[in-house]
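Since we're looking at a predicted model, the values are computed, not measured. Quick note: numbers below take in every heavy atom, side chains included, and nothing from hydrogens, waters or symmetry partners.
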Amino acid sequence: MKKFVWTQEYSVGIESIDEQHQHFFDIANKIMEMSDSNSSEGRDLFESLEELGNYAFYHLDTEENYFDEYNFEGKEEHVNAHNLFRKKVNEFMDRARKGEDIKKIMNEAASYSGEWLLQHILIMDKKYTKFLVERGVK
C-alpha cells in the first residue's frame, strides 16, 4: 500500500493544523506498516487503530473549535464532512471489537483515513485557510 507523504501542497498556512495533519499521516503510515508486518500482535494493531481514531477526533475538534471561535460561515458543511468521517472510523472500531480480521480492518482504516484526509485538506480545509489566517490563527 502506498505511503502518505506530506508536501507543501497540503499546507493550510496554519502551523498547528499543518502539524496535526502531518501527525495524522504518520499514524496512518504506521498502521499500514504494522498491518503488513507478520510480527504485529492483534492487541497492538487494535491500539493503533484506537490511536488513529482518537487523534482524528482530536484534530477535527480543533478545527471545529476555531470555526466556533471565529464564526466561520462554512462551518456546517465542514462539520458534516467531519461527522461522516467520524461515523466511518467508528464503524472500523466496531468491526474490530466484533473480532473481524484486524489486519484487514487496519489496512482499510489507514487507507480510508489517509485518502480522506488528502482530499479533505485540498477541498474542504483550503476553504477556511484565508478566513482563519486573516483572524490571526497561526
Side-chain angles (χ1 to χ4, degrees):
M1 192 173 289
K2 167 182 113 170
K3 187 174 182 175
F4 298 104
V5 178
W6 174 265
T7 65
Q8 276 306 111
E9 171 186 24
Y10 301 111
S11 175
V12 296
I14 300 169
E15 188 176 339
S16 60
I17 300 284
D18 284 347
E19 287 173 1
Q20 288 181 10
H21 285 159
Q22 290 173 46
H23 186 67
F24 191 84
F25 280 22
D26 291 342
I27 295 169
N29 286 329
K30 179 180 93 172
I31 287 173
M32 285 191 295
E33 289 171 17
M34 287 179 72
S35 66
D36 288 341
S37 167
N38 290 329
S39 64
S40 296
E41 298 291 325
R43 184 74 207 145
D44 293 338
L45 292 168
F46 187 80
E47 287 174 0
S48 293
L49 184 59
E50 282 184 317
E51 178 187 10
L52 176 73
N54 290 337
Y55 194 79
F57 291 0
Y58 160 75
H59 165 67
L60 300 177
D61 287 344
T62 298
E63 287 186 353
E64 291 170 9
N65 288 334
Y66 282 134
F67 300 162
D68 288 340
E69 183 176 349
Y70 296 101
N71 199 25
F72 176 57
E73 220 175 83
K75 175 187 172 185
E76 185 177 342
E77 176 188 23
H78 208 110
V79 171
N80 287 340
H82 286 177
N83 287 339
L84 290 173
F85 179 79
R86 286 179 176 106
K87 181 180 178 191
K88 188 68 174 173
V89 169
N90 284 327
E91 288 173 7
F92 289 128
M93 294 301 297
D94 288 344
R95 288 174 52 202
R97 285 185 197 102
K98 289 177 183 174
E100 288 186 36
D101 181 344
I102 189 72
K103 285 194 176 195
K104 179 181 177 199
I105 295 167
M106 296 286 289
N107 271 324
E108 289 176 24
S111 178
Y112 173 81
S113 297
E115 291 296 333
W116 181 88
L117 185 61
L118 290 173
Q119 294 304 309
H120 185 77
I121 291 170
L122 293 176
I123 296 168
M124 297 295 292
D125 287 356
K126 294 288 185 166
K127 292 180 181 179
Y128 69 64
T129 298
K130 182 178 178 194
F131 176 85
L132 291 179
V133 169
E134 285 175 349
R135 281 146 185 85
V137 178
K138 297 179 185 190

Just how far is it from atom CE of Met106 to atom CD1 of Ile102, taken to the nearest 0.5 Å? 6.0 Å

Rounded to the nearest 0.5 Å, what separation is found between the CG atom of Leu52 and the CD1 atom of Ile31? 4.0 Å

How many angstroms lie between atom OG of Ser11 and atom CD of Glu19, to the nearest 0.5 angstrom? 10.5 Å

Intermediate values then yes/no, side chain to side chain contact (heavy atoms under 4.5 Å, CB included), Ser113 and Tyr55: CA-CA 11 Å; Ser113 297; Tyr55 194 79; over 6 Å; no

Within 6.0 angstrom of Gln22 CD, more than 12 heavy atoms from elsewhere: yes

Sub-4.5 Å side-chain heavy-atom contact between Phe131 and Arg135: yes

Decide yes or no for Asp26 and Lys30: does some side-chain heavy atom of the first lie under 4.5 Å from some side-chain heavy atom of the second? no

Does Tyr128 have its ring centroid less than 6.0 Å away from the ring centroid of Phe67? yes

Strictly under 6.0 Å, is that where the ring centroids of His59 and His82 end up? no

Start with the C-alpha gap between Lys88 and Glu91, add the side-chain angles, then the distance that decides, and say whether side chain to side chain contact (heavy atoms under 4.5 Å, CB included) holds. CA-CA 5 Å; Lys88 188 68 174 173; Glu91 288 173 7; 3.6 Å; yes

Pairwise distance OH(Tyr66) to NZ(Lys75) - rounded to 0.5 angstrom: 15.5 Å

To the nearest 0.5 Å, atom CG of Asp18 lies from atom CD1 of Ile121 at 8.0 Å

Any side-chain heavy atom of Asp94 within less than 4.5 Å of one from Arg97? yes

Of all heavy-atom pairs between Trp116 and Ala81, which one has the smallest distance, and what is that distance? CZ2-O, 3.7 Å

Transitive ILVMFWY side-chain link Met93 to Leu84, under 4.5 Å: no

Heavy atoms of other groups near Glu73 CD, more than 12 under 6.0 Å: no

Rounded to the nearest 0.5 Å, what separates atom CG in Asp44 from atom CG in Leu49? 12.5 Å

For Glu77, the side chain to side chain contact (heavy atoms under 4.5 Å, CB included) test, sequence neighbours excluded, returns Met124, Lys127

Could you tell me how the ring of Phe25 sits relative to the ring of Trp6: parallel (under 30°), tilted (30 to 60°) or perpendicular (over 60°)? perpendicular

Note: Glu108-Arg95 ion pair, threshold 4.0 Å (strictly below): yes

Non-neighbouring partners of Asp61 that pass side chain to side chain contact (heavy atoms under 4.5 Å, CB included), sequence neighbours left out: Glu64, Arg86

Close aromatic pair by centroid cut-off 6.0 Å: Tyr10 and His21: no

Should Phe72 and Val79 be marked as a side chain to side chain contact (heavy atoms under 4.5 Å, CB included) after you check the CA-CA gap, both sets of side-chain angles, and the distance that decides it? CA-CA 11 Å; Phe72 176 57; Val79 171; over 6 Å; no

How would you list, by chain and number, every residue that makes a ring-ring contact (aromatic ring centres under 6.0 Å, His included) with Tyr70, sequence neighbours excluded? none

Check Ala28 against Ala110 and note the closest heavy-atom contact, atom names and distance. O-CB, 3.5 Å

Say whether, by atom type as modelled, one donor and one acceptor occur between the side chain of Ser111 and the main chain of Asn107 under 3.5 angstrom. no

Check: Asn29 side chain, Phe4 main-chain N or O, donor-acceptor pair, under 3.5 Å: yes

Given Ile14 and Thr129, is the side chain to side chain contact (heavy atoms under 4.5 Å, CB included) satisfied, shown in steps? CA-CA 7 Å; Ile14 300 169; Thr129 298; 5.5 Å; no

Give a yes or no on this: more than 12 heavy atoms of other residues, nucleotides or ligands lie within 6.0 Å of atom CD of Glu134. yes

Tested for side-chain contact (heavy atoms from CB on, under 4.5 Å) against His78, the lone hit among Asp125, Asn83, Leu60 is Asp125

